[in-house]
Amino acid sequence: MIISCRGKHFYFIVTLMLNELKNEWKNIVESALKKIAGTDDIPALGMTEPPKSELGDVAFPLFAYSRILRKSPKDIAEDVKKEIEANGKPDGEIILASGYFNVKLSVSNAFDSLYRKVMDEGEEYGKNRSMENKRIMLEFSCPNTNKPLHLGHMRNDSIGESISRILKANGAEVLKVNLINNRGVHICKSMLAYKEFGNGETPESTGEKGDHFVGRYYVKFAKWAKDTDEKINEAEEKGDMALAEALRANHPDKRAQSMLKDWEDGKSDVIELWKLMNKWTLDGLEESYRNMGISFDKIYYESETYKYGKAEVLKGLEDGVFYRESDGSVQIDLAEIGLDKKVLLRKDGTTIYITQDIGTAIRRHDDYPFDSLIYVVGSEQAYHFKVLFYILKKLGYKWADELYHLSYGMVNLPEGKMKSREGTVVDADDLLSELERLAENEIMDKGRDEIVGDVASTAHSIALAALNYYLLEVTPTRDMIFDPKKSISFNGNTGPYLEYMGARLSSILKKAEEEGLRAECVDSSLLKEDDEKTLIKLISDYPDVVEKAARNLDPSVVAQFLYSVSKTFSHYYHDNQIIKAETEDLAKTRLALASAVLQVLRNGFALVGIPYLASM
RNA sequence: GAUCCUGUAGCUCAGCUGGAUAGAGCGUCCGCCUCCUAAGCGGAAGGUCAGCAGUUCGAAUCUGCUCAGGGUCACCA
């Protein structure tokens, strides 16, 4: 806080948070520079962290001023120091080092008010209002109803769920939506295969999860189609053209296509089968979502939304936004954004993918007038969204500027892309249960089963921590490689490691309580260890981390932060006794630090899908 | 061909709005359980930040070119 009084500056330190204190210093150094230069027109002052703690907590490089001031950065630092000392300065010790103006802050002292704040706010600590009054719709997952979820979906779901929590933590009102892709020729394929080979079996009769059951028929279809191709080839080689022709006329692909037409015509037996199989899959998917801690506020079905776009396109045609090609199709010329022409309605008047998305977007804005709509969809669809947003803008929708494609990278295997044809797709349910099995083994091996109580549920939490952390610690926009054999581990920089730190903290606090020791910031200046200062700084940084994660739509910001907190605490409590500290005051103060660290961890865990375990 | 993304340790990834000696985990090697849970802690080895040029007091970070890998450019979704 700076109070100006008759031209002279007095500085009052009123329990400033560390970051505010840093900014305070920045302003002061900058004004000093301006005064020395005799002008306000100087390069903006940079602010970084010194490489070593002996060099202070915040650093201002002065090299840029060397030219204007015709002095060495070292001399400038001296001048700034003199200038600042003459006027009184905020809390902190000035350290000059090779062209930098550094400040060592009284980190420990800051803990007093920081601790109070963290404890007062509890699980609210770190939340902010940077996105207050913003209504954001977030679309993610968007599965097909012809097969179970795989690893690619899991990345999508983890990112989507995490982003929604991060946005909420920044004060936004978030509506999570899913768009179920339950129509189209691919859906007919599993239906057809079921009709052909199903013999009336059901998920209940075989004991399979519905989505896996349907997925099995989708695979069956692919094999059927392939076998038919081979039979056609054989027949042709034998010269049996009549057979080849007959096979071709009755080809599964052809039959699926005609089934789609029956579906669109509303043929009752097709619709009934479609409803039945859709339900099987959706029940299965819902179970997977529940297992993974994913939820939605609203679910759209493509079977209901696919028609919306057509009217919009026809309206755009009237308004001259689109044009009719000589063959009768409706198109748009994308030359303005450096792209080719794009078809919006086929010559037979039927819609395509983008037409549906146009209609769905408009419909959604009617349903829920959002300030922003974020699509969590793979990077391979970047072109699609670029075109979609452009078209909506051309149609005159102002909110089109607030549409955003959160383009996440692909999940590849060490051998390359996952291919369903080669059976290399990593199934979501299988992966989760394998992780649960490994976690359960760990618990039993360590003999922790009695302490944790419910082994299965603990194993489930550990599996989720492993999975979510693995998927979220990587920047979303980047492709990532998943090695099923070794990538998911419970040691090192992993979800279970973070979870373990939470459990350790909880157990220390519990033990202290049993011994009648209460966490209390008796004297923050007792916290002299480097690790203690680092922890205080980290706790104080957390709200900024939450804000940055939202700004960048990047959960990895939170994940990496949580790792550094855990890592630091782990190192700290290994070297320093908390409960049995030298004095009771120190023990209490360290317990206060530990409680604050735990609160921050728990708050962060919630944002990246790591369940908190009091013991493991 | 056009366009977008990526290239950092053996592997998987941070760091990228320019700042001090480029980081972590895994893997390898070596230590540490009379001590609040060893899912832990410490140490060692491991780097031409793809290459070349430019901008700058200063470049992994910005710009250009080159090379390599991937995505997309459908009347599929």
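Order of the sequence lines fixes the chain letters, A, B, ..., with proteins taken first and strands second; residue numbering starts at 1 for each chain. Values in this document were obtained by computation on a predicted structure and should not be read as measured data.
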Tell me, for nucleotides 72-77 of chain B in 5' to 3' order, what letter each nucleotide earns: B for a base near a protein heavy atom under 4.0 Å, S for only sugar-phosphate near one, - for neither?
SS-BSB
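- In this entry the distance linking CD of A:Glu499 with P of B:rG40 reads 13 Å, nearest Å.
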Between protein and nucleic acid, restricted to nucleotides 24-26 of chain B and to nitrogen or oxygen atoms under 3.5 Å apart, what atom pairs and distances do you find?
residue : atom : partner  : partner atom : Å
B:rA24  : O2'  : A:Tyr563 : OH           : 3.3
B:rG25  : OP1  : A:Lys567 : NZ           : 3.0
B:rG25  : O2'  : A:Asn493 : N            : 3.3

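- When the nucleotides B:rC41, B:rA14, B:rA39 are ranked by their closest atom to the side chain of A:His574, B:rC41 comes out on top.
- For B:rC5, the OP1/OP2 oxygens have no side-chain nitrogen or oxygen of A:Ser407 closer than 4.0 Å.
- For A:Glu264 and A:Tyr306, the side-chain atoms include no donor-acceptor pair closer than 3.5 Å.
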Heteroatom pairs (N/O) under 3.5 angstrom, protein to nucleotides 17-21 of chain B:
residue : atom : partner  : partner atom : Å
B:rG19  : O2'  : A:Tyr100 : OH           : 2.1
B:rA20  : N6   : A:Asn102 : OD1          : 3.3
B:rA20  : N6   : A:Asn102 : ND2          : 3.3
B:rA20  : N1   : A:Asn102 : ND2          : 3.3
B:rU21  : O4   : A:Lys52  : NZ           : 2.9

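- With B:rA14, B:rA39, B:rC36 as the candidates, the nucleotide lying closest to the side chain of A:Tyr573 is B:rC36.
- For B:rA39, neither phosphate oxygen OP1 nor OP2 lies less than 4.0 angstrom from any side-chain nitrogen or oxygen of A:Arg504.
- Between A:Tyr470 and A:Lys511, the one whose closest nucleotide on RNA chain B sits nearer the 5' end is A:Tyr470.
- A sub-4.0 Å separation between OP1 or OP2 of B:rU56 and a side-chain N or O of A:Arg67 is absent.
- Using modelled atom types and a 3.5 Å distance limit, the side chains of A:Asp531 and A:Tyr573 yield no donor-acceptor pair.
- Here A:Phe389 and A:Tyr404 keep their ring centres 6.0 angstrom or further from each other.
- Defined by atom type and a distance below 3.5 Å, a donor-acceptor pair is present between the side-chain atoms of A:Asp327 and A:Ser329.
- Separation of the A:His571 and A:His574 ring centroids does not fall under the 6.0 Å cut-off.
- Remark: P of B:rG42 and CG of A:Asp530 are 14 Å apart, rounded to the nearest angstrom.
- Residue A:Asn412 contributes atom CG, which lies 9 Å from atom P of B:rG71 at whole-angstrom precision.
- There is a side-chain donor-acceptor pair under 3.5 Å between A:Tyr572 and A:Arg590.
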